[in-house]
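Convention: sequence-line order gives letters A, B, ...; per-chain numbering from 1. Nothing here was measured: the structure is a model prediction, and the numbers come from that model. Reckoned from all heavy atoms, side chains included, excluding hydrogens, waters and symmetry mates.
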Amino acid sequence: KAGVTQTPRYLIKTRGQQVTLSCSPISGHRSVSWYQQTPGQGLQFLFEYFSETQRNKGNFPGRFSGRQFSNSRSEMNVSTLELGDSALYLCASSPLRGTEAFFGQGTRLTVV
Amino acid sequence: AQSVTQLDSHVSVSEGTPVLLRCNYSSSYSPSLFWYVQHPNKGLQLLLKYTSAATLVKGINGFEAEFKKSETSFHLTKPSAHMSDAAEYFCVVSASGGSNYKLTFGKGTLLTVNP
């Protein structure tokens, strides 16, 4: 089985721009979660999608949004980028809610 | 509510000696607990999981962890460290049974293995 695939792997954006990150979960997994990882804050939960519905959201501003498609693929969008949004964004998929999560390699976003 | 505390931010061992990475948790529900490993510039890999079956859990690469409810601990051990074990390790709790499923991560423990 193919693992979780995140694209692109690296991005450089300018302050004020917006960005869309993509995640393809493991086949058959319906739960997709997103995390932000920074040296200062560690790993922080962004949101979780299950069956195309956002089920849970972390403590992030409304500039961070996401969606899930009928094939369980997910995207997250960050609008009006700030320097502090520079981070590794990790996507994880799970077969069911509350079970172990399998992570992709991440997208390294740099905002300049 | 749930939280995880990894008691050491950095652990340094010599190759061939035992590894102990400590983790305490709190959870309002019966927890599922996990250990993940992250090598530099990589995603997270699941080492092992506890989901209310056996309290001693064996994982990949010779790692194991013991769930101790009375101590709210889930420490990760390995009898003999290998150079390839050098990485960052995360203890994670999931509130199974709660409606708001999410993984809560500890701050991580950086494991250094000296030759």
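- Contact annotation: the side chain of A/Leu88 approaches that of B/Gln38 to within less than 4.5 Å [non-hydrogen atoms, C-beta and beyond].
- Two residues are said to be in side-chain contact when any heavy atoms from C-beta on lie closer than 4.5 Å; A/Leu43 and B/Leu44 meet this criterion.
- The part of A/Gln41 that comes within reach of chain B is its backbone (N, CA, C, O), which places non-hydrogen atoms under 4.5 angstrom from that chain.
- Both the backbone and the side chain of B/Leu103 come within contact range of chain A, judged by heavy atoms closer than 4.5 Å.
- Side-chain contact check for B/Lys42 versus A/Phe103: every heavy-atom pair is 4.5 Å or farther apart.
- Atom OG1 of B/Thr104 sits about 9.0 Å away from atom CZ of A/Phe45, to the nearest 0.5 Å.
- Here the shortest heavy-atom pairing between A/Glu100 and B/Tyr36 reads C-OH, 4.1 Å.
- A/Gln105 contributes a side-chain N or O that, together with a main-chain N or O of B/Gly43, makes up a donor-acceptor pair within less than 3.5 Å.
- Note: the hydrophobic cluster containing A/Phe60 also contains A/Leu21 (ILVMFWY, side chain heavy atoms under 4.5 Å, direct or indirect links).
- For B/Gln45, no part lies near chain A; criterion is any non-hydrogen pair under 4.5 Å.
- Other residues, nucleotides and ligands place more than 12 heavy atoms under 6.0 Å from the CG atom of A/Asn71.
- Between A/Tyr35 and B/Phe105, the ring center distance clears the sub-6.0 Å criterion.
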